[in-house]
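Below is one structure, written out as C-alpha cells, with a few remarks after it.
Naming: A, B, ... by sequence-line order, numbering from 1 per chain.
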Amino acid sequence: MNITLKDGTVKVYAEAKSIYDIALDISEGLARMACAGEVNGKVMDLRTVLETDCELNILTQKDADGIRTVRHTCSHVLAEAVKRVFPNAKLAIGPSIDEGFYYDFEADSFSREDLDQLEKEMKKIIKEGSRLEKYTLPRSEAIQFMKEKEEPYKVELIEDLPKEAEISFYKQGEGFTDLCAGPHLMNTKGIKAFKLISSSMAYWRGDSNKAQLQRIYGTAFATKDELNAYLEHLEDIKKRDHNKLGRDMKLFTTVDVIGQGLPLIMPKGVRIIQALQRWIEDLEDNEWGYIRTKTPLMAKSDLYKISGHWDHYKDGMFVLGEEEKEKEVFALRPMTCPFQYYVYKNEQHSYRELPLRYSETSTLFRNEDSGEMHGLTRVRQFTISEGHLVIRPDQVEEELTKCLELAVHCLTTLGLQDDVTYRLSKWDVNNKEKYLGDEAYWEKTQGKIREILVEKQVPFTEADGEAAFYGPKIDIQAKNVYGKEDTMITIQLDCAIAENFDMYYIDQNGDKIRPYIIHRTSLGCYERTLAWLIEKYAGKFPTWLCPEQVRVLPISDKYEAYAMEVEKTLKANGILSTVDVRSEKIGYKIRESRLDKVPYMLVVGQQEETDKSVSVRSRFAGDEGVKSIEEFINQICKEIRTKEIRKEEQQ
RNA sequence: GCCAAAGUGGCGCAGUUGGUAGCGCGUCGCAUUCGUAAUGCGUAGGUCGAGGGUUCGAGUCCCUUCUUUGGCUCCA
C-alpha cells in the first residue's frame, strides 16, 4: 500500500501491516499529533483513509478539524469514565462543539466533585492508551447489541438511521464501545490536555417534553499551555461581561422585589441610552425620512385578536385581568405594529404618499419564561427604536435596502460592524400552523429578502423556523463575550398582519391596494445595545457615549475655584464633566479616573490657572500636553460631534 | 417552564462538628495642600436574600419562596 503525504513523501507498506500500525507509523513523525486525515478536502478517520492508496494530508491537533477529532475522542473517554464510576448511567450523545465537547447521560446530576473524580478516571483511561478501533454491524445486529447493553437512547438513535445503513462503532480498549460515525484518534494517548468545565441538564433530542439528561461540558487542547490559556481567557472575558461590568460601573442594577427581567437603568446608564436615543431619533427623522409616533403601551385584547398575537403569542404577553371575569381585558404591548397601523388607518392614503415610514421609541413588554432572563440582553421590559414602513409593492426592494443600509450605518457608527452576522430567517415548512399566510406568500417574501442580501453582497446564512409568525426577517446577530448569540437588529417583511387590519392605499386607478409592511429597527433595543457596547469596549465607551466625558482634577484645594471655572465652561459647551474636589493627591485622583474609565482628565494647578490652560491626560494617548481651554473644547467637541472612536492606549 | 449552584455591610471575601458575625478595599471624619495609577490616623456601617420550622440557642440543620449565575427549552 502506498501513502503519499502532502509533502511528497511516499510511504510503502506491506499488506500485512495493520492499519493501526500504519497510522502510528505515520503519526510518530508528528510526535503522535496526528488525529485525522484529509483526502480531497474531506476530513476522515486516519484508519479509513489508510485502507486505500491515496494522497493524504495529515491533520494535527493544530488544525481546527484535528482538534475537533481530539475533543470528540475525549467525549468518548468521558463516557467510558462515567460508565466506570456510575455504571447505571445511560449514554445519549456526545459530539464536539465549537470550543470543546459535551456528552449527555441519563444519570443523577453531577456535582463539581463528581466532575473532578471523572477527570481522574479519564486520565487513567488516557494513560492506559486504549486503541480506538472501528467496525460496522448490520442494523439489526447493532440494535440487538445496544439492547443487550441496555442503552435505550442508542437503540433509538440507530432505529432512526436509514434502514440500509451499516452502523459504525468505535471500540475503545476492552471496556467501552460506542455508536459513532467518527472520526477518532487512533489511541486515547493522543489526548494531551483536557478539562471538564461544567454540568447541566439537557433534554433528550432538545425536546422539553422528552427525558431530562445530564450534560457534561469539557474541552481539550493540543497542549497544556493552550488549555491553560483558554481557561485564563474564560476568566478574562468575565471582566467584560456586561452583566458584571455594567453593575460594577453602576450603569444598571436589579432589585429582588421589583422582579426578574426588570433592570433599573442607573443615571450613568441612562446617559448612554439617552445619547443613543437622541442620535437615532434625529437620524431617522432628519436624514432617513421617518415620522414619529407615540402610541399606548397597552390595548384591549381585541386589538391583539385582530393582529394574530392573541392566537400566536398570548403566552408571551402580560394580560391584565381574566377574560371570564371582566368586560374588557387589556394586555401590555409586546410590539408596536398594530398601533402604528391605526395611525396609518386614521386617514385614507394615496399611492403618491408612500412610502410612509413610522418610527417610535417604543417600550415593549414580553412575559419571558423565568429561566430566560439575562442581564440587559433578555428582559421583560425594553425600549426599541421600532418602526413600520407602509410601502407599495414596487418599493419593497428599495425600502428593504434602505433599512439594511440604515442598520449598517448604525452598527458602523458604534464600531460594531465587524462583530455581527446576517441571517435570513425563514419559516418552518413542517410547522405551517405556527405562521400566518400560505406557502406562496412565504416563498415570495423570502425570495425578495434573499435577492436584496445577494444584491448588497452581504454574507448571510439562512435559517428555517426563525421567522416571525407573520413574515421572514433579516436578522443581524451579535454574540456576547461567552459566544451566545442574540438578535441585535431585525428587518421584517410582512403583509399578513396588514391583511388582518385591512390596510390599503388608493392607486392611480382609484383601486384599493394592499401595501407591504416592513417592521424594522435601526439599532435594536437600547438595553441590549448597551449590553453589547459594554462588552465591546469593556466599559471604555467612545467619548460621545461616555456618561462622564471629562473630569477636572485640581492639584490641591487652592485650585478648586479655577477647576470649577473650567467645568462651567465645559458644561456650557455641552460636555459632561465633573470636578474631583477631594483633598487627595493628584496620583490618587488620576488612578480613580482611570478606574472609572473617564476619557479625559484635566489636571489644573498653579501653572494652568495662571495661563488659563489645562493639562490634558486621556485614556487614548496618556499625557496629551498643556492646552488652552478653548483648544481642548474644540478638540473634544469635534470628537463628540463626529462620534469618533479613538484607539485606546495600550497598557 | 426544566436541572443544578449560589445569596454574609457599597464591592471582594472569611466564618471550623449549631454558641450570638470578622477582614481587605470603599464610605465618612480629622490631619495633609500635594504635578500625572493608591498619604496617614480614626469612625460608622450587617436583624447573614425573605418567610416558616427544629433547638435552650441557627449565618451554620430542615421546608417554602425570591433573586442571581450556568446550561436546556423558548425568543414577534
inquiry  = Could you tell me how far B:rU68 sits from B:rA37 if I compare only their P atoms? Round to whole Å.
reply    = 40 Å
key: Parallel, tilted or perpendicular: ring planes of A:His309 versus A:Tyr470, cut at 30 and 60 degrees   = tilted
CA sep, side-chain torsions, deciding dist, call: A:Thr336, A:Glu360, side-chain hydrogen bond (donor to acceptor under 3.5 Å, both in side chains) = CA-CA 8 Å; A:Thr336 314; A:Glu360 180 161 336; 5.3 Å; no
message = The side chain of A:Lys484 is closest to which nucleotide in this list: B:rC74, B:rU36, B:rG1?
response = B:rC74
key: Nearest-nucleotide 5' precedence on RNA chain B, A:Gly587 against A:Arg582   = A:Arg582
message = Does A:Gly206 reach a base, just sugar-phosphate, or nothing at all? Heavy atoms under 4.0 Å.
response = sugar-phosphate
ask   = Using a cut-off of 4.0 Å on non-hydrogen atoms, how would the nucleic acid contact of A:Ser615 be classed: base, sugar-phosphate, or nothing?
value = base
remark   = With the side chain defined as heavy atoms from C-beta on, A:Asp256 is closest, among B:rU73, B:rG7, B:rU68, to B:rG7
inquiry  = If you only use heavy atoms from C-beta on, which nucleotide in B:rC66, B:rA37, B:rC75 is closest to the side chain of A:Ile590?
reply    = B:rA37
message = Using the P atom as the point on both nucleotides, what is the distance between B:rG9 and B:rG51, in whole Å?
response = 15 Å
key: G-U wobble or Watson-Crick pairing nucleotide for B:rG40 (cut-off 3.5 Å, both distances)   = B:rC30
key: Between B:rC28 and B:rG52 - P atom distance, rounded Å   = 36 Å
query = Taking atom types as modelled, is there a side-chain donor on A:Asp241 or A:Tyr482 under 3.5 Å from an acceptor on the other?
reply = yes
message = Ignoring hydrogens, what is the shortest heavy-atom contact between A:Gly261 and A:Val379? Give both atom names and the distance.
response = O-CB, 3.3 Å
Distance-only side-chain donor-acceptor flag, A:Glu99 / A:Tyr230, under 3.5 Å = yes
task = Quick one: look up who B:rG35 pairs with, Watson-Crick or G-U, both distances under 3.5 Å, and put none if it's unpaired.
result = none
key: Nearest-nucleotide pick for A:Lys585, side chain only, options being B:rG1, B:rA38, B:rC34   = B:rC34
task = Using both distances under 3.5 Å as the test, list the Watson-Crick or G-U wobble partner of B:rC74, or none.
result = none
ask   = Can you check whether A:Gln212 has a side-chain N or O nearer than 4.0 Å to OP1 or OP2 of B:rC72?
value = no
task = Would you please confirm or rule out a distance under 4.0 Å between OP1 or OP2 of B:rU32 and any side-chain N or O of A:Tyr588?
result = no
task = Measure from CG on A:Asp580 to P on B:rU27 and round the result to the nearest Å.
result = 10 Å
message = On the nucleotide B:rU68, are OP1 or OP2 found under 4.0 Å from the side-chain N or O atoms that A:His374 carries?
response = no
inquiry  = On RNA chain B, does the nearest nucleotide to A:Leu595 precede the nearest nucleotide to A:Ser556 from the 5' side, or the other way round? Give the residue.
reply    = A:Ser556
ask   = Checking all strands, does A:Gln214 fall into the base, sugar-phosphate, or nothing category for heavy-atom contacts under 4.0 angstrom?
value = sugar-phosphate
query = Touch check for A:Asp623, heavy atoms < 4.0 angstrom, all strands: base, sugar-phosphate only, or nothing?
reply = nothing
ask   = What integer number of Å spans the C1' atoms of B:rG10 and B:rU16?
value = 28 Å
ask   = Taking the same atom, C1', in B:rU54 and in B:rC62, what whole-Å distance lies between them?
value = 7 Å
ask   = Base, sugar-phosphate, or nothing for A:Tyr470, non-hydrogen atoms under 4.0 angstrom?
value = sugar-phosphate
task = Using only side-chain N and O atoms of A:Ser200, determine if any of them is under 4.0 Å from OP1 or OP2 of B:rG70.
result = no
ask   = Among B:rG10, B:rU32, B:rG35, which is the nearest nucleotide to the side chain of A:Lys250?
value = B:rG10
task = Have a look at A:Gly622 and say if it touches a base, only the backbone sugar-phosphate, or nothing, with a 4.0 Å heavy-atom cut-off.
result = nothing
message = What is the distance, to the nearest angstrom, from the NZ atom on A:Lys210 to the P atom on B:rC74?
response = 12 Å
query = Is the Lys NZ or Arg CZ of A:Arg333 less than 6.0 Å from the centre of A:Phe339's six-membered ring, within 45° of the axis?
reply = yes
query = How many Å lie between CZ on A:Phe105 and P on B:rG71, as a whole number?
reply = 19 Å
query = Taking the side chain of A:Ala202 as heavy atoms from C-beta outward, which of B:rC72, B:rG10, B:rC75 is closest to it?
reply = B:rC72
request  = Answer with base, sugar-phosphate or nothing: what part of the nucleic acid does A:Lys589 contact at a heavy-atom distance below 4.0 Å?
outcome  = nothing
Closest to the A:Met201 side chain, choosing from B:rG35, B:rC66, B:rC72 = B:rC72
message = Over all strands shown, is A:Arg617 touching base, sugar-phosphate only, or nothing at heavy-atom distances under 4.0 angstrom?
response = base
Between B:rA14 and B:rU55 - P atom distance, rounded Å = 32 Å
query = P atom, B:rU17 versus B:rC61: distance in rounded Å?
reply = 10 Å
message = Students often get this wrong, so: under 4.0 angstrom with heavy atoms, is A:Gly375 touching a base, only sugar-phosphate, or nothing?
response = sugar-phosphate
query = With a non-hydrogen cut-off below 4.0 angstrom, is A:Glu485 in contact with a base, only sugar-phosphate, or nothing?
reply = nothing
query = Once you round it to whole Å, what is the distance between P of B:rC75 and CG of A:Leu364?
reply = 17 Å
ask   = The side chain of A:Glu372 lies closest to which of these nucleotides: B:rC75, B:rC72, B:rU32?
value = B:rC72
request  = Using distance alone, with no hydrogens and no angle criterion, decide if A:Thr254 and A:Arg247 have a side-chain donor and acceptor under 3.5 Å apart.
outcome  = yes
note = Whole-Å distance, A:Asp369 CG to B:rG71 C1', equals 15 Å
message = Please determine whether a side-chain nitrogen of the Lys or Arg among A:Arg357 and A:Glu284 lies less than 4.0 Å from a carboxylate oxygen of the Asp or Glu.
response = no
message = Looking at A:Tyr203 and B:rG1, is any side-chain donor or acceptor paired with a base atom of the opposite kind under 3.5 Å?
response = yes
request  = Write down the distance between CZ (A:Arg380) and C1' (B:rC66), rounded to a whole number of angstrom.
outcome  = 12 Å
key: Candidate list A:Thr421, A:Asp486, A:Asp419, A:Thr487, test side chain to side chain donor-acceptor pair (under 3.5 Å), partner A:Gln477, passing option   = A:Thr487
query = A:Arg591 has a side chain; which of B:rA38, B:rG10, B:rC72 sits nearest to it?
reply = B:rA38
message = As a test of reading the structure: which of B:rC75, B:rG1, B:rG71 is closest to the side chain of A:Tyr217, going by heavy atoms?
response = B:rG71
request  = Taking the six-membered ring of A:Phe101 (Phe, Tyr or Trp), confirm whether the NZ or CZ of A:Arg71 is under 6.0 Å from its centre and within 45° of its axis.
outcome  = no
Strand partner of B:rA4, provided both Watson-Crick or wobble distances fall under 3.5 Å = B:rU69
ask   = Does A:Ser583 get its side chain close enough to the base of B:rU32, under 3.5 Å, for a donor-acceptor pair?
value = yes
request  = Describe the nucleic acid contact of A:Gln492 in one word from base, sugar-phosphate, nothing, applying a heavy-atom distance below 4.0 Å.
outcome  = sugar-phosphate
ask   = Can you check whether A:Lys558 has a side-chain N or O nearer than 4.0 Å to OP1 or OP2 of B:rC34?
value = yes
ask   = Within the structure shown, what part of the strands sits under 4.0 Å from A:Ile555 by heavy-atom distance: base, sugar-phosphate, or nothing?
value = base
key: Phosphate OP1/OP2 of B:rC74: any A:Arg378 side-chain N/O under 4.0 Å   = no
inquiry  = From CG of A:Leu234 over to P of B:rG70, roughly how many Å is that when rounded to an integer?
reply    = 12 Å
